Structures are given as C-alpha cells and as structure tokens.
There are 2 protein chains.
Amino acid sequence: MSLANHIEAYIKKLLMEASSEVIRLQRRELARRFGCVPSQINYVIRTRFTPDRGYIVESQRGGGGYIRIIKVGVPTKECFFENMVNEIGEAIDRTRAKGLISRLTNDKFISLRERLLVESALSALDEIIDELGDFPEYKYNIARAFLLKKLLCSISGGEGEDNDMSEL
Amino acid sequence: MSLANHIEAYIKKLLMEASSEVIRLQRRELARRFGCVPSQINYVIRTRFTPDRGYIVESQRGGGGYIRIIKVGVPTKECFFENMVNEIGEAIDRTRAKGLISRLTNDKFISLRERLLVESALSALDEIIDELGDFPEYKYNIARAFLLKKLLCSISGGEGEDNDMSEL
DNA sequence: ACCTCTTTGACCTTTTCTGACCTTCATTAT
DNA sequence: ATAATGAAGGTCAGAAAAGGTCAAAGAGGT
C-alpha cells in the first residue's frame, strides 16, 4: 500500500472518530507523522478528498494555519443515485437531464433549492460553452453529463465512481 | 488556534454579553490581558471587524482613549446575496470563490449540502474547460464568476440581476 | 516500453506577530 | 492662555509561521 493510501486511511479514521463531521489538521504535523514532505498531504487531499466524493476542504495559511476537512452527511439513498449515474452515461441532452432532475425532487431525494442549484448550473454551463467557442452539440452533452454526475455523486455520499469525459 | 483568533473570540463574546450593540475597549488593557504587543489589537480589528462583516469601529487617542466597536444589524438574505454578487464582479479566481462560499455557510445562508453542490459545480467547470481546449486563466475566472453568480441568484430568491459574461 | 500514480524538493503566497517610531488629546504647570 | 507632559491609540515594515504550486524524478503495473 502506498503512503498516499495510508494517509488517506488515517484522515478517514480521524473523521470517523470525530463526533462531528469536521476535523482540523496541520499539514506540517501530518507530514512529520508520516515522515514525508508536506506537499504529499496536498496530493492526498487533491486526489482523495474531492467535492464529488462528498468532502469540503478549507485551509488557512500563516501562523496557526490549518486544513479543515468536512464530510458532508448524506441522508440519501446511495443506490438510487448510483442508478441514476448509470442512466446518465457518457452524454445526456437537455431534455433527459431535466427529466432526471425532476424525478429527484418528486422522490424527495433533493430539496427544491438543491434542484434550483442543479438546474442553474446546467443552464449556466450551456451559456459558458456558447461563449467559449463554436462546439458541436455532442460536446455539450458530454460536458452536461459530466457535470450532472459530479453534482449527484457529491451529495449521494458514494465514493464517487469514475467519471472522466473521455470523449470530450 | 492563533492569538488573533483568541482575541477575536474574546471581543465577540463581549459583544454578545453587552446588552447594547456597542462595546468600548482599551487597546493597552486588551494587549496586557493577552500578553501581546498593542499593535496586535489593531491587526485583529483591521482583519476581523471590517465593515463588510458588519462592524463599525471608532477610536479616540490621548488620555482616556478607547476603541469602540459597533455591531450593525445583520443584513437580510436578499441584501446579503446582492452584496456577494457585487463582490464577485466580472471574474473571480478559485481562492476568492472558495472564500465567499465559505462565508455563505458560516453565516448560515446555505446548507452544507448546498455548499457541496456549489463547490462541485465549480470544480467540474474547471475540468470541463480544461477538456474543451487551451484557454487562458482569465477565461476560467470569467466563467467561474458567471456560474457562481447564477447559482447564488437562483437560491437568493432575488430578481437575478444582469449577468452576461461580456468579456469572455 | 509506456502510462499512470506517487513522491520529492525548490520556490511562492498568505497570515500572524513584534517592535520601533508617529500622532492625538487631556491634564497640569507656568 | 500656553506650553509641557504623559497617556492613550496608529502605522508600517520586517520576521516568523503556516500552507500552496509546480515540475521532475521514481515506482509499479500492462
């Protein structure tokens, strides 16, 4: 097992043990504990504690600096989301996307405000791609699928599947 | 926790305890209480009790001098979001964006799950632009500002302002 | 041999803390 | 009245204490 895996496991253990969903680390301290350079900690966080795996990370520099990791609690049914991520696949058009999202609210898996966020993100994405250049429809569909999957994974609590936009 | 944080917490406690919204400090006295140099107090006030966090600070030099801190009433939700949309402006880098989002949760304007959605959307956006081609940093910043503003407006309940990515 | 993931180290940015020096104001002595 | 004094608070630059970034080297698997 790689060092990165050990550090990941250690941080997760801390999260489990913490009564709250939040822990506070010191990069220096952690690096010393594992006998590695501090930037190794950044690597672990960058690759393992991402938003789409349900983590929020904050940090502060300077004296008394820290890294705070928050695991967002997820009172939702994982298998439902997993299913939906499968349905999305590599690409998805606007209509199908809207259909899926509306199913999520009907089944009370996400709140109305959360739905609003998801829909806004999708429509903003279309506008952004419009402005970025002249791309064929299928790229919109791949990007939309990617974003939607990231969003769903993030609040599903699942460990975030593969998701790599290979064809874009 | 850093000394500055302790001093900040102490001043906030005084504000909570004071029946009115105003307290009066003596810089010297405070510095002595925390065993630091007086200018440390200025540092804390300059960095923590700023107008955009809802504080007004007055002071008087000379014998019988003082520092008066006034906590102004918390802004309404609409006003808060409007303010934030202004702060975002035409473009925003990753760090500033994270800072703003963290303020939203600290002030309880959005839930942790909502925050996770916003953070996921922002990081997915970066990845999508990466895949779409080779764009200069400023385009990321403009697209990020656009998306963030859309998301905030969507859940602010407000009328949603203008938001047009003119420079992208 | 190649590709991906990991590990390292050099260099950068942000935040905090301190101390030397400056300004303002009330009081007191002339 | 006026000048001197001493008691505040203010400013600023530099040192120290974190954490961040990036590119290159190393390891492991196919």
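What you are looking at is a predicted structure, and each value in this text was computed from that prediction instead of being measured. Numbered from 1 within each chain, the chains take letters A, B, ... in sequence-line order.
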#### Entry: Nucleotide D:dA7, atom P - distance to CZ of B:R32 in whole Å
14 Å

### Residue list, side chain to side chain donor-acceptor pair (under 3.5 Å) with B:S39, at least two apart or on another chain
none

### Query
Distance-only, no hydrogens or angles: does the B:E114 side chain make a donor-acceptor pair with backbone N or O of A:E114 under 3.5 Å?
no

### Task
Return yes if some donor-acceptor pair links the side-chain N/O of B:R96 with the main-chain N/O of B:E87 below 3.5 Å, else return no.
yes

Protein N or O to nucleotides 24-26 of chain D N or O, pairs below 3.5 Å:
none

Output a table of nitrogen or oxygen pairs between the protein and nucleotides 8-10 of chain D separated by less than 3.5 Å.
| unit_1 | atom_1 | unit_2 | atom_2 | d |
| --- | --- | --- | --- | --- |
| D:dA8 | O4' | B:G62 | O | 3.3 |
| D:dA8 | N3 | B:G62 | N | 3.2 |
| D:dG9 | OP1 | B:R27 | N | 2.8 |
| D:dG9 | OP2 | B:R27 | N | 3.3 |
| D:dG9 | OP2 | B:R28 | N | 2.9 |
| D:dG9 | N7 | B:R27 | NH2 | 3.3 |
| D:dG9 | N2 | B:R61 | NH1 | 3.4 |
| D:dG10 | OP1 | B:S59 | OG | 2.9 |
| D:dG10 | OP2 | B:N42 | ND2 | 2.7 |
| D:dG10 | O4' | B:R61 | NH2 | 2.8 |
| D:dG10 | N7 | B:R27 | NH1 | 3.0 |
| D:dG10 | N7 | B:R27 | NH2 | 3.1 |

### Atom-pair distance (CD on B:E8; P on C:dT15), nearest Å
14 Å

#### Entry: Pairwise distance CD(B:E137) to CZ(B:R94) - rounded to 0.5 angstrom
5.5 Å

### Query
Looking at B:E21 and B:K71, does any basic side-chain N land under 4.0 Å from a carboxylate oxygen?
no

### Task
Remember a base hit wins even if backbone is also touched, and classify B:L3 as base, sugar-phosphate or nothing at under 4.0 Å, heavy atoms.
sugar-phosphate

### Task
Would you mind checking if B:E119 and A:K150 are paired as a salt bridge, meaning a charged N to carboxylate O distance below 4.0 Å?
no

#### Entry: Atom-pair distance (CD1 on B:I7; P on C:dT15), nearest Å
17 Å

### Query
Using a heavy-atom distance cut-off of less than 4.0 Å, which residues of residues 43-55 of chain B contact DNA chain C?
B:Y43, B:R48

### Message
Whole angstroms only, please: what is the CD-P distance between A:E58 and C:dT14?
### Response
18 Å

### Query
In terms of side-chain geometry, is the basic nitrogen of A:K149 or A:D52 positioned less than 4.0 Å from the acidic oxygen of its partner?
no

### Task
Apply ring pair (Phe, Tyr, Trp, His ring centres under 6.0 Å) to B:Y140 and list each qualifying residue two or more places apart in sequence or on a separate chain.
none

### Task
Taking only Lys NZ, Arg NE, NH1 and NH2, and the carboxylate oxygens of Asp or Glu, determine whether A:R144 and A:D93 approach each other closer than 4.0 Å.
no

### Task
Would you please name every residue forming a side chain to side chain donor-acceptor pair (under 3.5 Å) with B:D107, sequence neighbours left out?
none

